[in-house]
Amino acid sequence: AELMGIRPDPPVRVHDHQSEVVRVLVATRTSRRCVLGLDLVLHACQGALIGSHPLACSTWSFASAPKLRDSVEKLRWAHVLVVMHGGDVSNSVYMRAGSVVVELVNDGFDEAPRGWLDQNRRLLQHSGIRHFRLLLPVDLSIATGSRINWAASWNANGTLRWPPLQRVLSTAILRMPAHRQPLWAAADCDLAGACTPR
C-alpha cells in the first residue's frame, strides 16, 4: 500500500466499550462463483448490531475497480471482507493487521485436497489478518450420486444467508483485539455458521 502512496494505517482494533461501527465489505462477482442472495444479506446486515457494534455493509467488485489503488483503499477501510473463494481472496493481503477475511466456500469444495483448500489461509497466516471459512449451500445439480463433486463445486455459485454469516461475524468481531475472548487466527465454519478454531 505504501508503494502506491497510501499511508500505513494502524492495525484494526474494535473495542468492546465503544459502539464503534464495524465496516463489512462484501466482494461481488459477475461470472462464475457468484454470491447469490446478496440483496437480502446486505439488507439484514446494514445497521445490525454485533455486541455494541453496528455494522456498515457495502459491496465491492475487484474486477470493476478502475485502479488497483481504489481497491487497496477500500480494503484498508474495511474491518471485514466477505469474499467467495478464489483469486479475489488474494486482494485481502492489502487489509490492515487485525482485519478479518470470511472466505465463502461452496459445500463440497471443502472435500478438495487440503493444499488447494488452505492456500488462502496460508497466504494470510503471517499477515495478522484473520481467516474464517464459511460453507455455503450449493446447487445439488452438480452432485454425482449422493456426494457433491468438489471440482464442480469450485466454480459453482453459492447462496449466502444472513443467519450463518451473522454468526460468523459475531464470532470474528467479538474475537478482535481488545475484546475479552481469545483471538482466533483462523476458523472453519459450517453451513449454520458455527465456527471451530484451526
Side-chain angles (χ1 to χ4, degrees), residues 12-14 16 20-29 33-60 75 77-86 88-89 91-92 95-112 117-125 127-138 153 156-198:
V12 169
R13 299 216 185 281
V14 176
D16 59 355
E20 183 177 347
V21 172
V22 174
R23 297 180 300 267
V24 179
L25 185 64
V26 182
T28 60
R29 298 177 55 90
R33 295 190 306 277
C34 293
V35 180
L36 306 177
L38 199 51
D39 288 342
L40 292 173
V41 169
L42 287 173
H43 180 74
C45 182
Q46 190 62 36
L49 288 176
I50 302 292
S52 63
H53 306 290
L55 301 180
C57 305
S58 60
T59 59
W60 186 256
L75 288 163
W77 166 87
H79 294 104
V80 178
L81 173 65
V82 179
V83 59
M84 188 61 115
H85 60 92
D88 282 350
V89 181
N91 291 298
S92 63
M95 296 180 79
R96 295 181 290 152
S99 299
V100 173
V101 172
V102 178
E103 182 180 13
L104 307 175
V105 177
N106 287 323
D107 189 21
F109 186 66
D110 57 318
E111 300 295 324
L117 182 62
D118 286 339
Q119 64 186 343
N120 293 313
R121 180 187 57 80
R122 286 192 316 273
L123 173 71
L124 299 174
Q125 70 185 5
S127 67
I129 299 167
R130 297 175 309 122
H131 179 265
F132 286 70
R133 182 184 305 131
L134 173 61
L135 284 181
L136 298 182
V138 70
S153 178
N157 297 333
T159 301
L160 182 60
R161 295 177 299 123
W162 174 241
L165 180 60
Q166 180 182 30
R167 194 168 177 188
V168 173
L169 291 174
S170 293
T171 301
I173 291 166
L174 296 177
R175 292 184 183 280
M176 283 184 151
H179 279 275
R180 294 181 188 93
Q181 297 187 34
L183 185 66
W184 289 0
D188 285 323
C189 309
D190 64 18
L191 289 166
C195 299
T196 306
R198 279 182 298 187

For L40, which residues count as a side chain to side chain contact (heavy atoms under 4.5 Å, CB included) partner, sequence neighbours excluded? none
From I129 atom CD1 to S99 atom OG, the distance as rounded to the nearest 0.5 Å: 6.0 Å
Can you tell me how far NE2 of H85 sits from CG of L134, rounded to the nearest 0.5 angstrom? 11.0 Å
Do I50 and V22 pass the side-chain contact (heavy atoms from CB on, under 4.5 Å) test, and can you show the C-alpha distance, the side-chain angles, and the key distance before you say yes or no? CA-CA 9 Å; I50 302 292; V22 174; over 6 Å; no
Quick one: list whatever passes side chain to side chain contact (heavy atoms under 4.5 Å, CB included) with V83, sequence neighbours left out. A27, L81, D88, V89, V101
Just how far is it from atom CG of L136 to atom SG of C189, taken to the nearest 0.5 Å? 11.0 Å
Please report the shortest heavy-atom distance between A56 and V21, naming the atom on each side. CB-CG1, 3.6 Å
Rounding to 0.5 Å, atoms CG (L38) and CZ (R29) come to a distance of 13.0 Å
Measuring only between side-chain heavy atoms, which start at C-beta, is H131 closer than 4.5 Å to L123? no
Work out which heavy atom in A97 is nearest to a heavy atom in S127; give both atom names and the distance. CB-O, 3.9 Å
Listed by chain and number, what are the side chain to side chain donor-acceptor pair (under 3.5 Å) partners of R33, not counting sequence neighbours? N155
Output yes when a side-chain donor or acceptor of D188 lies under 3.5 Å from a complementary backbone atom of T196, and no otherwise. no
V26 vs V41 side-chain heavy atoms within contact, under 4.5 Å: no
Any chance you could measure L75, atom CG, to S92, atom OG, to the nearest 0.5 Å? 7.5 Å
Which atom pairs, one a donor and one an acceptor, fall under 3.5 Å between side chains of residues 159-166 and the rest of the protein, sequence neighbours left out?
from	atom 1	to	atom 2	distance (Å)
R161	NH2	L191	O	3.4
W162	NE1	Q166	OE1	3.4

Can you check whether V82 reaches V168 side chain to side chain, under 4.5 Å on heavy atoms? no
Heavy-atom check, side chain of P137 versus side chain of D107, under 4.5 Å: no
Within the side chain of R23, is there an N or O that forms a donor-acceptor pair under 3.5 Å with the backbone of W77? yes
Does Q46 reach the main-chain N or O of C57 with its side chain, forming a donor-acceptor pair under 3.5 Å? yes
Restricting to salt bridge (Lys or Arg N to Asp or Glu O under 4.0 Å), what partner residues turn up for R121, sequence neighbours left out? D118
Where is the tightest heavy-atom contact between A78 and L25, given as atom of each residue plus distance? CB-CB, 3.9 Å
Pairwise side-chain contact, H79 with M95, heavy-atom cut-off 4.5 Å (strictly under): no
